[in-house]
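To start, the structure under review is shown below, and the notes come after it.
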Amino acid sequence: MAGSNGKQKTVRNMVLSLGVTVLAAAVIYVFVPHDDKAPDLPRIDYRVELLTARRAASYPVVAPQGLSDTWKPTSVRFKGADFDAWHLGFHTAGGDYVQVEQSAEKPATFLEKATQGGRATKVTEEIGDRTWTRYTGGRYDALVHQEKGATTVVAGTGSFEQLTQMAKALKAK
């Protein structure tokens, strides 16, 4: 009978261990945040960076005018030493991301980065007084406008309707 007492202790220890494990998992589930929503990014004021970029860049720097408040600017940067690279990022009310990228860098190199691997399609759109080419197949869809001295890309996870809305709002002054 000495052997059965050892088996009872082993089963009891196993049940206790399982209970402790389940209890620990429940505590972790309750107290550790597990929200799958993206964090609420703060709205930024990009006016100073825009003025700096417009004074320093070798091309007309664009920024949106007249977008509704549902477009939240969340990132901005100007890198004069990096081909006058201009970036302005927005989040929409639906959680999509749309960015404006401009650069004087060689278009092939710049477009690979700005479109996140997208490729030109045969679809073009006349938006305002500019012709934009659709890019697809990368991480982002994009609209691309090339002119002498600079390339402008409107790209992101947003729909082409949202990308077009941003492209329509872009103004150089």
Side-chain angles (χ1 to χ4, degrees), residues 28-54 56-57 59-80 82-105 107-147 150-173:
I28 289 171
Y29 181 80
V30 169
F31 291 105
V32 172
H34 49 275
D35 190 359
D36 290 338
K37 286 187 345 183
D40 187 28
L41 299 170
R43 180 178 295 271
I44 63 159
D45 184 350
Y46 58 87
R47 291 177 294 185
V48 171
E49 289 87 350
L50 177 59
L51 291 172
T52 300
R54 283 183 170 164
Y59 56 84
V61 172
V62 296
Q65 291 179 10
L67 286 177
S68 74
D69 285 342
T70 61
W71 290 80
K72 183 194 305 187
T74 57
S75 60
V76 63
R77 71 181 161 274
F78 175 70
K79 295 181 179 177
D82 188 17
F83 302 99
D84 292 336
W86 168 244
H87 161 87
L88 188 55
F90 287 80
H91 278 85
T92 67
D96 289 312
Y97 177 71
V98 175
Q99 66 183 12
V100 176
E101 302 280 341
Q102 281 187 289
S103 179
E105 186 174 9
T109 306
F110 174 64
L111 288 171
E112 178 67 27
K113 292 183 287 189
T115 65
Q116 301 280 317
R119 298 286 174 243
T121 68
K122 295 179 190 241
V123 178
T124 60
E125 294 182 45
E126 296 298 320
I127 302 172
D129 60 349
R130 296 177 167 186
T131 301
W132 297 79
T133 302
R134 283 188 178 196
Y135 276 58
T136 61
R139 178 176 177 205
Y140 295 149
D141 285 331
L143 294 172
V144 174
H145 173 72
Q146 294 183 13
E147 57 190 319
T151 304
T152 303
V153 176
V154 176
T157 60
S159 65
F160 273 109
E161 181 180 311
Q162 290 171 313
L163 300 179
T164 299
Q165 186 179 359
M166 176 60 78
K168 281 181 183 176
L170 293 179
K171 307 289 184 239
K173 292 266 178 181

*Where do D141 and R134 land on the side chain to side chain contact (heavy atoms under 4.5 Å, CB included) test, with the steps shown first?*
CA-CA 7 Å; D141 285 331; R134 283 188 178 196; over 6 Å; no

*Hey, could you give me the CZ/OH distance between R119 and Y135, rounded to the nearest 0.5 Å?*
8.5 Å

*For T115 and A142, work out which heavy atoms get closest and say how close.*
CG2-CB, 3.8 Å

*Decide side chain to side chain contact (heavy atoms under 4.5 Å, CB included) for E49 and I44; before the verdict, give the C-alpha distance in whole Å, the side-chain angles of both, and the deciding distance to 0.1 Å.*
CA-CA 11 Å; E49 289 87 350; I44 63 159; over 6 Å; no

_Ignoring hydrogens, what is the shortest heavy-atom contact between A63 and L50? Give both atom names and the distance._
CB-CD2, 3.7 Å

_As an exercise, state the distance from CD of E112 to CD of E105, rounded to the nearest 0.5 Å._
11.0 Å

_Distance-only side-chain donor-acceptor flag, Q102 / T152, under 3.5 Å_ = yes

*Closest contact, heavy atoms only, P64 versus L170*: N-CD2, 3.7 Å

*Is it true that a side-chain atom of H87 and a backbone atom of V76 form a donor plus acceptor pair closer than 3.5 Å?*
no

*Are any non-hydrogen side-chain atoms of E147 and Y59 less than 4.5 angstrom apart?*
no

*asked:* Counting only heavy atoms not in K168 (residues, nucleotides, ligands), do more than 12 fall under 6.0 Å from its NZ?
replied: no

_Tell me whether T133 contacts the main-chain N or O of A120 through its side chain, where contact means a donor paired with an acceptor under 3.5 Å._
no

*Yes or no on side chain to side chain contact (heavy atoms under 4.5 Å, CB included) for E101 and F110, after CA distance, side-chain angles and deciding distance?*
CA-CA 9 Å; E101 302 280 341; F110 174 64; 3.7 Å; yes

_Heavy atoms from other residues, nucleotides or ligands near CD of E161 exceed 12 (cutoff 6.0 Å)_ = no

*Counting distance only, does the side-chain N/O of K171 pair as donor-acceptor with the main-chain N or O of G66 below 3.5 Å?*
no

_Nearest 0.5 angstrom please: L143 CG to T131 OG1, how far?_
11.5 Å

_With rounding to the nearest 0.5 angstrom, report the CG to NZ distance, D84 to K79._
12.5 Å

*Which is it for T136 and F160 under the side chain to side chain contact (heavy atoms under 4.5 Å, CB included) test, yes or no, and what are the steps along the way?*
CA-CA 10 Å; T136 61; F160 273 109; 3.7 Å; yes

*With a 4.5 Å heavy-atom cut-off, do D82 and R77 have their side chains touching?*
no

_Atom NZ of K113: over 12 foreign heavy atoms under 6.0 Å_ = yes

*R43 atom CZ, over 12 foreign heavy atoms within 6.0 Å*: yes

*Measure up the H91 and Y97 rings against each other and bin them: parallel (under 30°), tilted (30 to 60°), perpendicular (over 60°).*
tilted

*asked:* I want to check something: taking the side chain as every heavy atom from C-beta on, are T164 and W132 in contact at a cut-off of under 4.5 Å?
replied: no

*Closest heavy-atom contact between Q146 and P107?*
NE2-CB, 4.1 Å

*To the nearest 0.5 Å, what is the distance between NZ (K173) and CZ (R54)?*
6.5 Å

*Give me the ring orientation class for W86 and F78: parallel if the planes are under 30° apart, tilted from 30 to 60°, perpendicular past 60°.*
tilted

*asked:* I need the I127 CD1 to M166 CE distance, nearest 0.5 Å.
replied: 12.0 Å

